[in-house]
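One structure is given below, encoded as structure tokens.
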Amino acid sequence: MKAFIVYCHPSEDSFTRHVRDAFIKGIVDSGNEYILSDLYKMNFKADMTEKEYLRDANYRDTPDIAEDVLAEHEKINSADAIVFIYPVFWTEAPAKLVGWFDRVWSYGFAYGENRKMKMLKKGLILCSAGNPLERLEEFGLFDSMKKVMLGDRLFNRVEQAEFVVFTSTSRENALREKNWDSYLQTAYEKGKKLFNSK
Ligand SMILES: Cc1cc2nc3c(=O)[nH]c(=O)nc-3n(C[C@H](O)[C@H](O)[C@H](O)COP(=O)(O)O)c2cc1C
């Protein structure tokens, strides 16, 4: 089985990068495969062109999809699971990943009649947040992040979905160091068990 990992962090000097590496180790140790889109390394273009906007907004399933978007479509349809790994920025994914959804979840592929995107077995989100869980729950921010990713972006495109957030990971928080190993162990286990049945 193959996992498609969409990773988005501007720096290799980050906790999130370690989450990515631990998760990948779990995938490999389970005897499965992965492919990776590292959006910053690829310099993935996050903003839609007007042409892309008009195509999607008018529900036109035209074949003129940009090469970089087509490459992502091919990776998705060659995989059995999709995994998003990113830091929470302003209660969202980084803008580059939000833009990835704007462009890659295109009309005729991710939505619309006869969409070409396959139904994936699993969808998994591993994100890191600087704030503690209580702070994220105070105004319903945790639920908002989860609902957008599971209820809109993954929604009916995966058979099973899971949202995992590693909290209190900002650099000035002592819990970042304290939880470091157990968080990475969790990321590793998520990779190792990704394709286990329910
Ligand atoms: C621009 C920016 C916005 C951020 N916004 C949030 C936020 O809304 N909520 C939160 O919990 N953490 C926020 N953080 C903290 C990041 O999620 C933090 O980078 C993450 O906890 C993991 O650390 P890492 O960057 O070492 O991987 C933000 C960080 C930056 C740089």
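Whatever order the structure lists ligands and atoms in, that order sets their numbers, starting from 1.
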In this structure, does ligand 1 have an atom that sits under 4.0 Å from one of the heavy atoms of Glu92?
no

Thr91 heavy atoms within 4.0 Å reach ligand 1 at atoms 7 (C), 8 (O)

Check whether the side chains of Thr62 and Arg55 place a donor and an acceptor atom closer than 3.5 Å, and report yes or no.
yes

May I ask you to say whether Lys25 pairs ionically with Asp29, meaning some side-chain N is under 4.0 Å from a carboxylate O?
yes

Decide whether an N or O pair under 3.5 Å exists between Pro87 and ligand 1.
no

Give the atom numbers and elements of ligand 1 that come within less than 4.0 Å of a heavy atom of Phe15.
24 (P), 26 (O), 27 (O)

Going by atom types alone, do Ser30 and Lys193 pair a side-chain donor with an acceptor below 3.5 Å?
no

Hydrogens and angles aside, do Ser106 and Glu52 bring a side-chain donor and acceptor to less than 3.5 Å of each other?
no

Thr169 heavy atoms, cut-off 4.0 Å: which ligand 1 atoms fall inside?
20 (C), 21 (O), 22 (C), 23 (O)

Report the part of Arg135 in contact with ligand 1, treating N, CA, C, O as backbone and CB onward as side chain, heavy atoms under 4.0 Å; options are side chain, backbone, both, neither.
neither

So does Lys146 have more than 12 non-hydrogen atoms from other groups sitting under 6.0 Å from NZ?
no

Taking 4.0 angstrom as the limit and counting only heavy atoms of Arg176, give me the atoms of ligand 1 inside it, by number and element.
23 (O), 24 (P), 26 (O)

Working to the nearest 0.5 Å, report the span between OG1 of Thr169 and OH of Tyr183.
7.0 Å

Identify the protein heavy atom lying closest to atom 27 (O) of ligand 1, giving its residue, its atom name and the separation to 0.1 Å.
Thr16 OG1, 2.5 Å

So if I count the atoms of ligand 1 from 1 in the order they appear, which ones are less than 4.0 Å from some heavy atom of His9?
24 (P), 25 (O), 27 (O)

Say whether, by atom type as modelled, one donor and one acceptor occur between the side chain of Lys118 and the main chain of Ile76 under 3.5 angstrom.
no

Shortest protein contact, atom 12 (N) of ligand 1 (heavy atom only)
Gly130 N, 3.0 Å

Determine whether the side chains of Thr16 and Ser128 contain a donor N or O and an acceptor N or O closer than 3.5 Å.
yes

Taking atom 28 (C) of ligand 1 as the reference point, the nearest protein heavy atom with its distance
Val88 O, 3.4 Å

I want to know if ligand 1 touches Asp13 in the polar sense, i.e. an N/O pair below 3.5 angstrom.
no

Closest approach of any protein heavy atom to atom 5 (N) of ligand 1, naming residue and atom:
Trp90 N, 2.8 Å

Nitrogen or oxygen atoms of Leu136 and ligand 1 under 3.5 Å apart
no

Do side-chain atoms of Asn32 reach the backbone of Ile27 as a donor and acceptor pair under 3.5 angstrom?
no

To which protein heavy atom is atom 31 (C) of ligand 1 closest, and what is the distance rounded to 0.1 Å?
Phe89 CE2, 3.8 Å

Report yes or no: does Asp102 contribute a side-chain atom to a donor-acceptor pair with the main-chain N or O of Ala46 at less than 3.5 Å?
no

What protein heavy atom is closest to atom 9 (N) of ligand 1, reported as residue, atom name and distance in Å?
Asn131 ND2, 3.5 Å

